[in-house]
Engineer: 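Below is the structure I would like to discuss, written out as structure tokens.
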Amino acid sequence: MDIYAFIDRSAFFQGVSKSSKEQLADICIPKKIVKKEVLFREGDKGYGFYLLASGSVGLYKSTPDGREIVIKIIQPGEPFAEVVLFEQDTYPVTATTLMDGVLFIIPKQQFYLLLEKKDFRNDFIAMLMRKQRYLAERIRFLTMHDVEERFFMFIEEHYGMKNRIAVGMSKKSLAAAIGATPETYSRLLARLNKEGKIQLEGPQITIVEGFWDKWRKRNE
């Protein structure tokens, strides 16, 4: 995979200079990932952060009673674990792959050398500001749309307006992606199935014929 071309296409790096993208690409280490692979565990020493090229990754936080809470589902084009650059030396969450794919490891020490260059440092600060805006937009998204709307918006964004979808991730992970608990997500699927909007066939979801036409008109 052409690392520079991927970084150049990523929405997260829009507005970053060509020189900064090239310098970042030079230190990226590509790694193939397989489903259910643990990239790092909560409390592990952080030697670098990551940029997901394909597949998906779940970030999980342990609770005192031993449960794991899904913090975020990472999608292609997103960086993650950059907290180890500045805030702490250990990873605050566990990262597990949800699908096969490819990611790039960005070693911390090499990245620090890039930050000594003023132009690169300014570009990186701008990237962090964009991520903050994304998080604010995420909060807005969760408060403005109900769980059914968030479900179909997620399906449209990640799979397109198809009628037959092989989701490729667990109910727990998809629930986290739309800002719902697994229990709420299960109830939602049961209701949509009962209302005739979807049909459940094992790991596959069938969107009934004509639904996307109504969805498109509703959101015009």
Engineer: Aromatic rings W215 and F211: how do their planes relate, parallel, tilted or perpendicular, breaks at 30° and 60°?
Structural biologist: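 W215 and F211: parallel rings.
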
Engineer: Once the angle between the rings of F152 and W212 is folded into 0 to 90°, is it parallel (under 30°), tilted (30 to 60°) or perpendicular (over 60°)?
Structural biologist: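 Ring orientation of F152 relative to W212: perpendicular.
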
Engineer: Any idea which heavy atoms bring I33 and S54 closest together, and the distance?
Structural biologist: CD1-O, 4.2 Å

Engineer: Extract all donor-acceptor atom pairs below 3.5 Å that involve side chains of residues 160-168 and protein atoms in other chains or at least two apart in sequence.
Structural biologist:
unit_1, atom_1, unit_2, atom_2, d
N163, ND2, I207, O, 2.9
R164, NE, Q204, OE1, 3.2
R164, NH1, E201, OE1, 3.3
R164, NH1, E201, OE2, 3.3
R164, NH1, T206, OG1, 3.4
R164, NH2, E201, OE1, 3.3
R164, NH2, Q204, OE1, 2.7

Engineer: Go through the steps for V93 and Y60 under the test side-chain contact (heavy atoms from CB on, under 4.5 Å), then give the verdict.
Structural biologist: CA-CA 5 Å; V93 296; Y60 304 85; 5.9 Å; no

Engineer: Which one of V57, L52, L51 satisfies the side chain to side chain contact (heavy atoms under 4.5 Å, CB included) criterion with P76?
Structural biologist: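 Going through the options one by one, the only one that passes is L52.
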
Engineer: For the residue pair P30 and F104, what are the closest heavy atoms and their distance?
Structural biologist: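 Nearest heavy atoms, P30 then F104: CA-CD2, 3.6 Å.
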
Engineer: For residues Y159 and L200: do they belong to one hydrophobic cluster (side chain heavy atoms under 4.5 Å, members Ile, Leu, Val, Met, Phe, Trp, Tyr)?
Structural biologist: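 Yes; L200 is reachable from Y159 via cluster members.
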
Engineer: Is the F111 ring parallel, tilted or perpendicular to the F120 ring (thresholds 30°, 60°)?
Structural biologist: perpendicular

Engineer: Let me confirm one number: the CG-CZ distance from D146 to F151, rounded to the nearest 0.5 Å.
Structural biologist: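 So the gap between those two atoms works out to 12.5 Å.
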
Engineer: Using the test side-chain hydrogen bond (donor to acceptor under 3.5 Å, both in side chains), find all partners of K117 that sit at least two apart in sequence or belong to another chain.
Structural biologist: Q23

Engineer: Could you list the residues that satisfy side chain to side chain contact (heavy atoms under 4.5 Å, CB included) with T184, not counting sequence neighbours?
Structural biologist: V147, A180, T181, R187

Engineer: Which heavy atom of N193 sits nearest a heavy atom of Q199, and at what distance?
Structural biologist: OD1-CA, 3.5 Å

Engineer: Could you measure the distance from the CG atom of L98 to the CD atom of Q75? Nearest 0.5 Å is fine.
Structural biologist: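 Spacing of CG (L98) from CD (Q75) equals 8.5 Å.
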
Engineer: Hey, any chance L188 and V208 share a hydrophobic cluster, counting ILVMFWY side chains that come within less than 4.5 Å of each other, even indirectly?
Structural biologist: yes

Engineer: Following the transitive rule for hydrophobic clusters with a side-chain heavy-atom cut-off under 4.5 Å over Ile, Leu, Val, Met, Phe, Trp and Tyr, establish whether I106 and L115 coincide in one cluster.
Structural biologist: yes

Engineer: Around atom CZ of R121, are there more than 12 heavy atoms from other residues, nucleotides or ligands closer than 6.0 Å?
Structural biologist: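 Correct, the count exceeds 12.
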
Engineer: Suppose we screen for side chain to side chain contact (heavy atoms under 4.5 Å, CB included). Which residues come up paired with Q109, at least two apart in sequence or across chains?
Structural biologist: Y112

Engineer: Could you list the residues that satisfy side chain to side chain contact (heavy atoms under 4.5 Å, CB included) with Y4, not counting sequence neighbours?
Structural biologist: D2, D8, K18, K21, E22, A25

Engineer: How would you list, by chain and number, every residue that makes a side chain to side chain contact (heavy atoms under 4.5 Å, CB included) with E116, sequence neighbours excluded?
Structural biologist: L113

Engineer: F49 and F40: aromatic ring centres closer than 6.0 Å?
Structural biologist: no

Engineer: If you measure from CG on L103 to OG1 on T97, what distance do you get to the nearest 0.5 Å?
Structural biologist: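 If we round to the nearest 0.5 Å, L103:CG and T97:OG1 are 9.0 Å apart.
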
Engineer: Got a donor-acceptor contact below 3.5 angstrom from the T96 side chain to the K36 backbone?
Structural biologist: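 Looks like no, no N/O pair under 3.5 Å.
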
Engineer: Shared ILVMFWY cluster between V84 and V38, side chains joined below 4.5 angstrom?
Structural biologist: no

Engineer: Enter the distance from L189:CG to I198:CD1 here, rounded to the nearest 0.5 Å.
Structural biologist: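 The distance works out to 5.0 Å.
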
Engineer: Rounded to the nearest 0.5 Å, what separation is found between the NZ atom of K45 and the NZ atom of K108?
Structural biologist: 5.5 Å

Engineer: What heavy-atom pair brings E42 and T94 nearest, and what distance separates the two atoms?
Structural biologist: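 That closest heavy-atom pairing would be N-OG1, 2.9 Å.
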
Engineer: Report the distance from atom CG of D119 to atom CG of L114, rounding to the nearest 0.5 Å.
Structural biologist: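 Output value for this atom pair is 12.0 Å.
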
Engineer: Can you name the nearest heavy-atom pair linking G58 to I73, along with the distance?
Structural biologist: CA-CD1, 4.1 Å

Engineer: Hey, is the main chain of F6 close enough, under 3.5 Å, to the side chain of S10 for a donor-acceptor pair?
Structural biologist: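 No, the answer is negative, given that no donor and acceptor are paired below the 3.5 Å cut-off.
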
Engineer: Locate the shortest heavy-atom distance separating Y91 from G48; write the atom from each residue and the value.
Structural biologist: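 Closest approach of Y91 to G48: OH-O, 2.7 Å.
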
